[in-house]
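Quick note on labels: first sequence line is chain A, next is B, and so on, each numbered from 1.
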Amino acid sequence: MNKSFYKRIKNKILLISVAFSCSLATTQANAMAVPSGELLLADIVVSGIVRIQGNNSQTTETLPGINVVEKGTQNGTITDAQGNFRLTVKDNAVLVFTMVGYKSQEIPVAGLTTFNITLAEEGRNLDEVVVTGYQTIDRKMFTGSATLLKGDDAKREGITDVSRMLEGRVAGVSVQNVSGTFGAAPKIRVRGATSITGDNKPLWVVDGVILEDVVNVSNEQLSTGDPSTLIGSSVAGLNPDDIESFQILKDASATAMYGARAMNGVVVITTKKGKIGKPIVSYTGNYSTYLKPSYNNYDIMNSADQMSVYTELARKGYFNHSDASRRQDGGVYTKMYDLINAYDASNGTFGLKNSQEARSAFLERYARANTNWFDILFKNSFMQEHSLSISSGTEKSQLYFSTSYLQDNGWSIADQVRRFTGNARANFNISDKISVGLISQGSIREQQAPGTITRISNAVTGQFDRDFDINPFSYALNTSRTLTAYDEDGNLEYFRRNFAPFNILDELENNTLDLSLLDLKLQGDFAYKILPNLKYSFLGALRYAKTNQEHKVRENSNMAMAYRTDDDATVQAANRFLYRDPDNPEALPVVVLPYGGFYNTNDDNLVSYNFRNSLEWDKVLREIHTFRFFASQELRYADRQNKSFNGVGYQYDKGGVPYIDYRIIKQNVEGNFNYYNMSMRYDRFLAYMANGAYSYKGKYNINGTVRYDGSNLLGQARTARWLPTWNVSGSWNLDTEPFMEQFANVASRLTLRATYGLTASMGNATNSSLVLQNGSTRRPYLSEVESMIYIQNLENSELTWEKQYETNVGLDAGLFNEKLTLTLDSYLRNGFDLIGPIRTSGIGGEEIKVANYADMQSYGLEVTLGANPIQETDWGLRTQLTAGFNKGKITNLKNDPDIWSLVTPEGGPKQGYPYRGLFSINYKGLDPYQGTPTFVNEEGEEGEDVYLQSDQTQYLKYEGPVDPILNGGFFNALRYKNFSLSALVTYSGGNKVRLNPAFKTTYSDLDAMPNIFINRWTLIGDETSPYHNTPATSAREVSAGFEGYPYNNYNYSSARVVDGDFVRLKQVSLTYNLPAARVKTIGLNNLSLSLVANNMWLIYADKRLNGQDPEFYSSGGVAMPIPRQFTLSLKVGL
Amino acid sequence: MKKISLYITILSLLAFSGCKDYLDQAVDQRAALDTVEKVSELLATAYPQADYVTFTEAASDLAEDKGPSNTINDEENRNPYFFEDVQSRAQGSPSLYWYACYTAIAAANHALEAISMAPNATEYNAQKGEALVARAYAHFMLVTLFSKVYDPTTAGTDPGIPYVTTPEKVVLGQYDRRTVAYVYEQIEKDLTAGLPLINNNAYRVPKYHFNTAAAHAFATRFYLFKKDYAKVIEHANQVFPGGDIKTNLRPWVSVYSTLTANEGLAIYTQATENANLLLTETQSSWARNYGAYRYGLSTPIVNYLYRSNNVTGERWIFPLYTQGGGDNWLILKFREHFVRTDANANIGNPYTIFPLFTAEEVLFNRAEANLELGNNELARTDLNLYASTRIEDYNAGTHGITNAKLRNFYGTSTVKEGLMAALLDFKAAEFVHEGMRWFDILRHKITVEHPTVEGQVITLTPTDPRRVFQIPQEVILAGIAQNPR
């Protein structure tokens, strides 16, 4: 028997491919094959039409093959192509209408003979079930804390990254748009942070498979603006139109299926499936345009004010004629002196006459320039997004295909994106027992961004350095409006940067970052009903992602020119891009990039597999006891590869032939920098889990899970790699109690839930066995350098997973016939065994170890209030208010951070404070004689110098948490006839924000200054006036005498911190659905038009922000804020 | 149907059992110590990569308060001068040196562990030798700086430092300081076991490893502290082939004194210099600051050591330089190797290369041992030998160290005392900026007096507990006590 069965299975598998191409034919064959049963015992003939709900719930359609069965008998029939059925039944019979993919209905005959039934789609009623990615569970039996968000509801036209759709829609989920650039993930937290050193990112699950990040960009790294952030969003390759629903799993019970990586919550995305019915073709087109940023929204001096500050600086000894030609950076003043110095021997004149009048005239042009950099660098560009999907299906097979194309011409002149996605999904019910599903998903992305290199955190001076930064947004904010992009003749005008000529327009053309990404997923699942109540399922997925960044620095870009500027000995000595040969101590630095530019590449690749076997068994005893058991075993595998190559001397305009001076390689090798690099990271994971649930009459439900997870990430020790976790939960459906019957018309649904359990995740430590790394010794001469192995981390045999006990209590209520719905959740989390740095005696050989010892506590409250007060045919109003409150505290952490790590905008961890607290250098007012800022330094004394690398942090001022304590949204949708209007307002607050750094020790004539500089200290006594309390621009000889960097300290002082609270009108959308009748006449099913405005208005924020976005970290590189955007959206159904 | 479930069960079981080794995959490309070459590379880090010079120099009598103008006033330099504990753990602090020594010891211990588990342990002999000697050296430096100086009468009770011979595998390992005598025993054991195994051919850059010369040089220092003088001489004579120290001394007269400033800064710590027996790269800003530290080589000390005639009746040839201020004297020895954090960064870590053992020290150690053994003339020969390489146009007749010169110059009554005084002076001049004076102060129980510009004088007597530098307070976590104050 087993042999023949095997063959049969094989045949069926073969059939799948056949069915793929001719599914309609097979359906009909099936339909005719259905036996009509025994009709002899019939008493009454019933007939009617069964319809199914169409793709959008306003239309219905008929379908052949809908089952109509007399309940409890074999007697039944199916509908014909027009939806008609006819059946003879007993007069007390109950008719059961069933169709795969639709909710079945049971209608008592009760004397009727004609039935007009419409079956609702199962997907439409997703709130009745909870999709955990592994199982689909009846909402009544679900005991955890989870929130469902339907794709159609969440979808925000014009927003291309699906992760941003969660913003303000789910209580307890905070979405911070630290960068708005395509591909950069927002900072997402579900119920705050659980790990002090880990990533705290939620787990993304798409169609049951965990979506691995191609490159792990931590939440802190997201705000750096580095190129790697562009591939930080794991969901950037998803077509928003493919999404059926989001399910956000929040507590231990809900996330139990994902165990060891789910401590930070899980976002389960379900993509659309084919629907039973005739093929439905849908097209969505979004056409968007951005608004340019405007100086009105920012606090930047105009060119006249700016020039007057320059004049003061010139008086104070800056911008000297004498050293103009040797200055690294220079604007108007530098240019003026250069012209004065430029002697033309042929006619005996200078570029500019050195007279007071000539100089004034020269400067006046620039004082009047008032260049609008936003206008020059940004455009009201056009973005188009087309998405086409075809869905079709029969009872035996359902197919869904979609493809989309996104073309974003970019907000600034330096960026653009193209994305293609394709998705094919097929589900087959091969027999009553066997079903098979196949998914192929792919996306291709091509993106261009301004060329950039990695940011360096400079704890010495207290600033972030990024050489050659040409981020258009930062450039516009930080570049003096006295500079002009074009000269009087309309040619590009160059000023000096890094000793070389610089023009932003020219540079953006010559210094680019090209990113390409290919992401392909193949997935298959198989389910087999061994017994009617025992089901085996298998799921397997393969994902293959390749990303490539090409940083192209062309030979005439400023970045390349900076490497070959050696005008005179002073410049040679000062230009750090030249090479000083250690073998020749007396020689001056020399140019090592005589020709060509750079061609630097960086690739991140991922190969991952995922396999899962699961068994599900359920049993209902006498309609009272419901048992459900679920067991699964899972294997995950991911290999990540990173490789980079720094090509020097690439000659873009000479046929791409590199010119390599060996000394530039030597320079890098001597500095311990490798010109190429390849590294691998291997992620292996195994898990076993079992879950049992019991329900008594659907009233009382209890649920328990045990898991056993294993991972190689902690290192090779066998003891550390395995971890058991568990949780128990229960719910009580109060509405089913007899005593609630009297309130039935008030509370139609009332459930109390509670969960308690242990969750865990892998921390950022891999040293359960010794970690040795290779490197080369730091010695000055190549002949003395040798390869070495060093101990990066000693073995920590006590290493284990980071853990947390979580208690969640929740309430779900539906009031007044579901007109008002309420979900309340409160939780308490006790994190322990968290990884943190600890200072040891050092005797073992490691001064600071990472160990599982830290503790963190957090608690929170989540409220979701929904209301459907009006639900008329013509009128409808829907409103939803979400609020999530989360407060946490590190209760045990023996790290000793330095001042710099605590005062940066991202904040730092410290015992007794939140996960990331923002601290400030305590500002003590201006020095009364010089107008320089003074502070409490690391020793508790007042002074201008603060040693930022000191670990004496007790004199810092604690400002508040970096992450909002409270956030949520308010969503309203109003429908009138064919119009609907919706608005989403989001809010967040309770956190502190550091203002962008605006002060420097010395300024060049390139710098733009905020208007607060108008209030700068100029005279003795100003320090006491509220209007002149901004630090002075110091005279050159004064600044030369500074100890430390008082102006940088000021940027990180208590004077530069504001509240992070804000309320934002995130989206307004107006939609018009063409009346069905009219649409039909032009041969369409439906047609709608929407006008959407995104990110329109920051309704409330701290005034002192002066245009700075409270969410956005202006870090240069590839980071850009989220633009204001208008979108016209067209939806057509065929 | 039953069969199918059976198949599924079997399949799953297969899947489960096939995964037994699935999690053995290393998470990244970390190295494993499974070849001779890799063990050898690990031993490149078995040397303390931090400097003791910053604090030993400031605590010694080669430092004097130069006042606040044009000088750098750092805790790592200031506190040792005032014989106060350094709280900082930054470069140049005793704490960092403590950590660095134990980091070096951990590397040696892991190498030794790997060797003991290797099937072909004999192939690792050279590595074993290096690991043992390196482990002995790091412990020796720890016991010298953080415990009382070796005194045969009290060493059995003076607290030592934890002598670590096995890798630590828990977060907070527990240790015992034992006694100075115990630590010396262990050092000698490792040294005598390791030294014969050392093979210079096993090194790619021998000057950065315990080559045979460096190991013997270390032995001379160790036995000098242990007062086993015959062994000092025995090892000193094995440092160079044929016991030829002279030709290996630094050519100050013929070469160093003729160089430009930049060349002079570079040459002193180069591996090509014969006098350098063992070099180590350390994270240290000493090269940047050694001239400008407030508590450093002041004009009076320079006048005594270099700008007036010494016992030979002549001045040393060392060219004197100043840095950013008239009092900031320096002799060109160190050049900073700045390791940038990124190819284009302005920031990074300063490295200073230190010669840990030199031919000069071997010569002085031999001379001192000879003096202690009563071989005054052998010692006098060595001192004359030294002087001949540091005096321009040296003439043995006019520059030789005579008893009369010793008497006149030092006012000492015995030849031994006179020669010892000369030896310590010569060493002070030779090793200025190298922190070596502190070891002589310890061994010879010299009282140190530190005047301040405010007129205060701080005195460190031979029995002062502050002669022992303080160890980090976190040692409490390891179950041991800090040094008494």
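The side-chain heavy atoms of A/Ser679 and B/Gln29, taken from C-beta on, include a pair separated by under 4.5 Å. Between B/Val27 and A/Leu714, every side-chain heavy-atom pair lies at or beyond the 4.5 Å cut-off. B/His337 has its side chain out of reach of A/Pro582: every pair of non-hydrogen atoms, C-beta onward, lies at least 4.5 Å apart. Counting heavy atoms from C-beta outward, A/Arg839 and B/Pro472 have side chains that stay 4.5 Å or more apart. B/Gln25 has its side chain out of reach of A/Asp639: every pair of non-hydrogen atoms, C-beta onward, lies at least 4.5 Å apart.
The minimum heavy-atom distance between B/Ala31 and A/Ile789, with the atom names listed, is CB-CD1, 4.2 Å.
Only the backbone of A/Phe685 comes within contact range of chain B, with heavy atoms under 4.5 Å apart. Contacts of A/Asp583 with chain B are absent, with no heavy-atom separation under 4.5 Å from either backbone or side chain. Neither the backbone nor the side chain of A/Ser950 has a heavy atom closer than 4.5 Å to any heavy atom of chain B. Interface remark: A/Tyr781 contributes side-chain atoms only to the contact with chain B (heavy atom separation under 4.5 Å). Looking at A/Asn796, the atoms closer than 4.5 Å to chain B (heavy atoms on both sides) sit in the backbone and in the side chain alike. The contact between A/Leu770 and chain B is made by backbone and side chain atoms together, counting heavy-atom distances below 4.5 Å.
Between A/Asp951 and B/Arg89 there is a salt bridge, since at least one side-chain N of the basic residue sits less than 4.0 Å from a carboxylate O of the acidic one. A salt bridge is defined here as a Lys NZ or Arg NE, NH1 or NH2 lying under 4.0 Å from an Asp or Glu carboxylate O, and A/Arg640 with B/Asp28 fails to meet this definition. By the 4.0 Å N-to-carboxylate-O rule, B/Arg340 lies too far from A/Glu670 to be salt-bridged with it. In this structure, B/Glu281 pairs ionically with A/Arg779, as a charged nitrogen and a carboxylate oxygen lie closer than 4.0 Å.
The greatest number of non-hydrogen atom pairs below 4.5 Å with chain B, out of A/Gly710, A/Ser711, A/Ser787, is found for A/Ser787. Between chain B and the options A/Ser769, A/Gly845, A/Ser783, heavy-atom pairs under 4.5 Å are most frequent for A/Gly845. Most heavy-atom pairs under 4.5 Å with chain B, from the set A/Met788, A/Glu784, A/Gln952: that is A/Glu784. Of all the listed residues (A/Gly842, A/Ala851, A/Pro780), the one sharing the greatest number of non-hydrogen pairs under 4.5 Å with chain B is A/Pro780. For the set A/Glu586, A/Lys849, A/Gln792, A/Glu786, the count of heavy-atom pairs under 4.5 angstrom toward chain B peaks at A/Glu586. Top candidate by heavy-atom pairs under 4.5 Å with chain B, chosen from A/Glu847, A/Glu798, A/Arg681, A/Glu846, is A/Glu847.
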request  = Show your reasoning for whether side chain to side chain donor-acceptor pair (under 3.5 Å) applies to B/Arg30 and A/Thr766.
outcome  = CA-CA 10 Å; B/Arg30 59 184 63 174; A/Thr766 60; 2.9 Å; yes
request  = List the steps and the verdict of side-chain contact (heavy atoms from CB on, under 4.5 Å) for B/Leu42 and A/Leu772.
outcome  = CA-CA 9 Å; B/Leu42 175 64; A/Leu772 297 169; 4.1 Å; yes
request  = Please report the C-alpha distance between A/Leu686 and B/Tyr22 in whole Å, then the side-chain angles of each, then the deciding distance to 0.1 Å, and finally whether the side-chain contact (heavy atoms from CB on, under 4.5 Å) criterion is met.
outcome  = CA-CA 8 Å; A/Leu686 275 177; B/Tyr22 180 68; 3.7 Å; yes
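Atom OG1 of A/Thr840 and atom OH of B/Tyr102 lie 11.5 Å apart (nearest 0.5 Å). From A/Ile791, atom CD1 reaches atom NE2 of B/His110 across 5.0 Å, with rounding to the nearest 0.5 Å.
Not a single donor-acceptor pair under 3.5 Å links the side chain of A/Ser841 to the backbone N or O of B/Leu477.
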